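Have a look at the structure below, then the notes.
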Amino acid sequence: MNALIARVVDEKMLYLVGLGLGDAKDISVKGLEVVRNASKVYLEAYTSILTVGKEELEQFYGRELIVADREMVEANSDEILADADRTDVAFLVVGDPLGATTHADLLLRAAELGVRWSIVHNASIINAVGCCGLQLYRFGETVSIPFWTETWKPESFVDKIEQNLKVGLHTLCLLVGHLG
């Protein structure tokens, strides 16, 4: 029995760690343990913006962070997953790791490669929006509003906001950070 427990504990994996919404100290105790023990620590740097910089996170966590931009996460995720079957790799996300489809996709890619994974949840805008006094049960579909460019001006979110209004529901509008 002890050999089985030791084997499970020794298995290496990819950890998606939520950082919360405020500053470096919002990480959970479990998340901080993962960060301090992982061989590589990636900081996802495009779906959300943390109120502190990479340097402050590195100082508090006692670890060097590798910035993972959109291209790395979406097109070159193999780089993140390359060693996760042999060593612990942490992937840090502002808010909760499952707040963006990009992160769920990373887990699917890990599973395809036979890489074990674990989630360390944290607060996200989805539950923190309750602090403005609106009831969470009265929200309809959430929408993402991207920054427009000269050649790309999507308006698909407008229809979803109108649909929510028609049935008396609030709309949580997520402003997508500038990705350029």
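Please read all numbers here as calculations on a predicted model, not as lab measurements. Hydrogens, waters and symmetry mates play no part in the numbers below; they use all other heavy atoms, side chains included.
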Does either side chain, that of Thr171 or that of Asn164, offer a donor lying less than 3.5 Å from an acceptor on the other one?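 The criterion, which ignores hydrogens and geometry beyond distance, is satisfied for Asn164 and Thr171.
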
Same apolar cluster (I L V M F W Y, side chains within < 4.5 Å links), [X]/[Y]:
{"X": "Ile66", "Y": "Leu14", "answer": "yes"}
{"X": "Leu175", "Y": "Ile161", "answer": "yes"}
{"X": "Ile125", "Y": "Val94", "answer": "no"}
{"X": "Val67", "Y": "Val73", "answer": "no"}
{"X": "Leu136", "Y": "Leu172", "answer": "yes"}

Heavy-atom count around Lys54 NZ within 6.0 Å, excluding the residue itself: above 12?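 Yes, because the 6.0 Å sphere around NZ of Lys54 holds more than 12 heavy atoms from other groups.
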
Would you say [X]'s side chain and [Y]'s backbone share a donor-acceptor pair under 3.5 angstrom?
{"X": "Glu58", "Y": "Leu65", "value": "yes"}
{"X": "Asp69", "Y": "Met72", "value": "yes"}
{"X": "Arg109", "Y": "Asp78", "value": "no"}
{"X": "Asn37", "Y": "Val34", "value": "no"}
{"X": "Arg63", "Y": "Ala38", "value": "yes"}

Heavy-atom closest pair, residues [X] and [Y]:
{"X": "Thr102", "Y": "Glu74", "result": "OG1-OE2, 3.4 Å"}
{"X": "Thr87", "Y": "Ser39", "result": "OG1-OG, 2.7 Å"}
{"X": "Cys173", "Y": "Ile145", "result": "CB-CD1, 3.7 Å"}
{"X": "Leu43", "Y": "Leu57", "result": "CD2-CD1, 3.9 Å"}
{"X": "Asn122", "Y": "Asp26", "result": "ND2-O, 3.0 Å"}
{"X": "Lys12", "Y": "Asp88", "result": "CA-OD1, 3.4 Å"}

Test item: [X] and [Y] side chains (from C-beta on) under 4.5 Å apart, heavy atoms:
{"X": "Leu174", "Y": "Val143", "answer": "no"}
{"X": "Glu44", "Y": "Leu92", "answer": "no"}
{"X": "Val120", "Y": "Ile27", "answer": "no"}
{"X": "Trp148", "Y": "Pro154", "answer": "yes"}
{"X": "Glu79", "Y": "Tyr42", "answer": "yes"}
{"X": "Asp85", "Y": "Leu113", "answer": "no"}

Working for side-chain contact (heavy atoms from CB on, under 4.5 Å), residues Val41 and Tyr15: CA-CA 9 Å; Val41 183; Tyr15 290 90; over 6 Å; no

Cys132 meets the side-chain contact (heavy atoms from CB on, under 4.5 Å) criterion, sequence neighbours left out, with Val129, Leu134

Hey, what do you get for OG (Ser77) to CD (Glu112), rounding to the nearest 0.5 Å? 9.0 Å

Quick one: pull up OG1 in Thr51 and CG in Leu21 and give me the separation to the nearest 0.5 Å.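 So the gap between those two atoms works out to 9.0 Å.
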
Run the side-chain contact (heavy atoms from CB on, under 4.5 Å) test on Leu98 and Ile119 for me, step by step, so that the C-alpha distance in whole Å, both residues' side-chain angles and the decisive distance to 0.1 Å come before the verdict. CA-CA 8 Å; Leu98 298 182; Ile119 305 292; 4.1 Å; yes

Tell me the ring pair (Phe, Tyr, Trp, His ring centres under 6.0 Å) pairs involving residues 79-125, sequence neighbours left out?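 Applying ring pair (Phe, Tyr, Trp, His ring centres under 6.0 Å) to every pair that reaches into residues 79-125, excluding sequence neighbours, yields Phe91-His103.
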
